[in-house]
There are 2 protein chains.
Amino acid sequence: MSHTPGAPGPRQAQKLRTRQALMSASLELLEQQSLSSLGLREVARAVGISPAGFYRHFCGIPELGVALVEETLGSLRTLIATILAETGDTERRIAHTVELIARHVAEQPAYFRFLVRERTGGVAPVRRAIATQLDLFSEELTEVLAAESELRGWQPEDLRMLAGMYVDQMVMTAAALLEAGPDDTAETARITRTARRRLRLINVGSEHWLDEGQPSSA
Amino acid sequence: MSHTPGAPGPRQAQKLRTRQALMSASLELLEQQSLSSLGLREVARAVGISPAGFYRHFCGIPELGVALVEETLGSLRTLIATILAETGDTERRIAHTVELIARHVAEQPAYFRFLVRERTGGVAPVRRAIATQLDLFSEELTEVLAAESELRGWQPEDLRMLAGMYVDQMVMTAAALLEAGPDDTAETARITRTARRRLRLINVGSEHWLDEGQPSSA
DNA sequence: GGAGTCAGTGAACAGTCGTACTCTGAAAAT
DNA sequence: ATTTTCAGAGTACGACTGTTCACTGACTCC
């Protein structure tokens, strides 16, 4: 019988396992190419199933790409939450955030490579999925910033602008770290150093944002 | 005879013409896909030459991509020079710069699409070529900023950091405008508005950069 | 325990791909 | 005027592509 809906059963368990295999194999293959040139057969071959079997999981490569977005950004969810919950003085927060990103990029390069590459890649549905997820992240950050005492009196639009800058800054930092590679420790140090300074500059700017009369129509 | 080295002659003139045709056809094809999935035959077919004829101009798609980087960023050279030579008060400079970018993106979407997409794309030589060109642009901007009276006393490294932020900001603005499409005037207006605010925030930050003791080792 | 579901197989389809080869004909060099 | 150069055509090659189809066999449900 096994009326427990939580228990997947050997059938669906195996299906989920190959589905996961398809996705992780794709991530590996995508380190050297981009999604729009990834072949359906190529992926199927990598996991050892026939090309037709691929269709049992995804109706095509674009759909697999969208699924990869969900998984990838889901896996970064804890990283994001950690960054959002960051407290303490600004300098520490910046240093900790950059270090967190650097560590995650070093540990899971494929995830970030996929996101950074396909964010502007040639597959529209995937591009949209990534944009949606990043917008969601940006919204969460906006709410965190709204609770910040230093940002009291900010207009909601400006808060969103600031959050967007932080998000884009993190993505660009990840991209730069990926380009350097994990072995180039000197370049990695240079990138994280610059990333900290950029965040610091944004922070300084936000501290004096209300000093000048910000035109509400500009 | 025609010993004038400047005169191309009908022979080389025709070769240059088909070479140019190959490149512009590629740019069109690349609006819907990325370079790593662009086919040699596909390009040859688009300009009406045989696949073998392609090799008379490029030894492969990656080489064509690198040539595209040169042409694309060469074509943006005047835009960049205009931005660099910008004078006047900050607010005007920001508004003018953003407007310049928006106009160029609307007029030559394919150029920017190619740069934005392949900047993080799957073809390493092209990625490196774009990075080199953008670094060059960043260096030029650094020198312009060094002459700025408001930035007197800045360390060279901080100037490079600031220039890099401006450059990345422009690239991201172009990317956002491309994603919106030229018809969505409301979204376009929203993007340029946000872009102006971002530049303004960076500017405010740079005005107060030296206020706080900037740790030289952070 | 018998019927149905369904992940995965294997073969076949019509294409496309990159590359290599010889050949042509007009421009260039002598 | 004759020879050389060379952009491009044409052909052929083997390999790879996405998609469809009927099929198998282990699981699920009643």
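In what follows, chains are A, B, ... by sequence order, proteins preceding strands, each numbered from 1.
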Runs of at least three Watson-Crick or G-U pairs with DNA chain C, cut-off 3.5 Å: C:1-12 with D:19-30, C:14-30 with D:1-17

Say whether, by atom type as modelled, one donor and one acceptor occur between the side chain of B/Ser75 and the main chain of B/Glu71 under 3.5 angstrom. no

Over how many whole Å does the gap from B/Phe58 atom CZ to D/dG8 atom C1' extend? 15 Å

Whole-Å distance separating the CG atom of B/Leu40 from the C1' atom of D/dT17: 17 Å

Backbone N/O of A/Thr120 and side chain of A/Arg127: donor-acceptor pair under 3.5 Å: no

Indicate yes or no: at least one non-hydrogen side-chain atom of A/Leu76 is less than 4.5 angstrom from one of A/Gln108. yes

Given 3.5 Å as the limit, does a donor-acceptor pair link the side chain of A/Ser138 with the main chain of A/Leu134, or not? no

Ignoring backbone atoms, test whether B/Gln14 places a side-chain nitrogen or oxygen under 4.0 Å from the OP1 or OP2 oxygen of C/dA26. no

Rounding to a whole Å, what distance do you find between B/Leu35:CG and C/dG18:P? 12 Å

Heavy-atom donor-acceptor pair, B/Arg117 side chain to B/Leu30 backbone, under 3.5 Å: yes

It should be established whether B/Arg17 places a side-chain nitrogen or oxygen under 4.0 Å from OP1 or OP2 of nucleotide D/dG8. no

Round to a whole Å and report the spacing from CD of B/Glu42 to P of C/dG18. 8 Å

Judged by atom type as modelled, is there a donor-acceptor pair below 3.5 Å linking the side chain of B/Ser206 to the main-chain atoms of B/Asn203? yes

Reckon A/Arg19 touches a base, only the sugar-phosphate, or nothing at all at heavy-atom distances under 4.0 Å? nothing

Kindly say if A/Arg41 contacts the phosphate of D/dA15, meaning a side-chain N or O under 4.0 Å from OP1 or OP2. no

Taking atom P of C/dT9 as reference, at what distance in whole Å does atom CZ of A/Phe54 sit? 14 Å

Testing D/dT19, D/dA9, C/dA7 for proximity to the side chain of A/Pro51, the answer is D/dT19

Would you say C/dG8 has OP1 or OP2 under 4.0 Å from some side-chain N or O of A/Thr18? yes

So which one's nearest nucleotide on DNA chain C is more toward 5', B/Leu38 or B/Arg56? B/Leu38

Euclidean distance, atom CG of residue B/Leu16 to atom C1' of C/dA27 [Å, nearest integer]: 15 Å

Choosing from C/dA26, D/dG8, C/dA7, which nucleotide comes nearest the side chain of B/Arg11? C/dA26

Just how far, in rounded Å, is P of C/dG25 from NZ of B/Lys15? 21 Å

Using a 3.5 Å distance criterion without hydrogens, assess whether the side chain of A/Arg56 forms a donor-acceptor pair with backbone atoms of A/Lys15. no

Considering all heavy atoms, the nearest B/Leu145-B/Leu151 contact: O-CD1, 3.6 Å

Short side-chain N/O contact to D/dT20 OP1/OP2 from A/Tyr55, under 4.0 Å: no

Whole angstrom is fine here: how far is it from CD in B/Gln20 over to C1' in D/dA7? 17 Å

Go nucleotide by nucleotide along DNA chain D from the 5' end; which of A/Ala52 and A/Arg45 gets its closest nucleotide reached first? A/Arg45

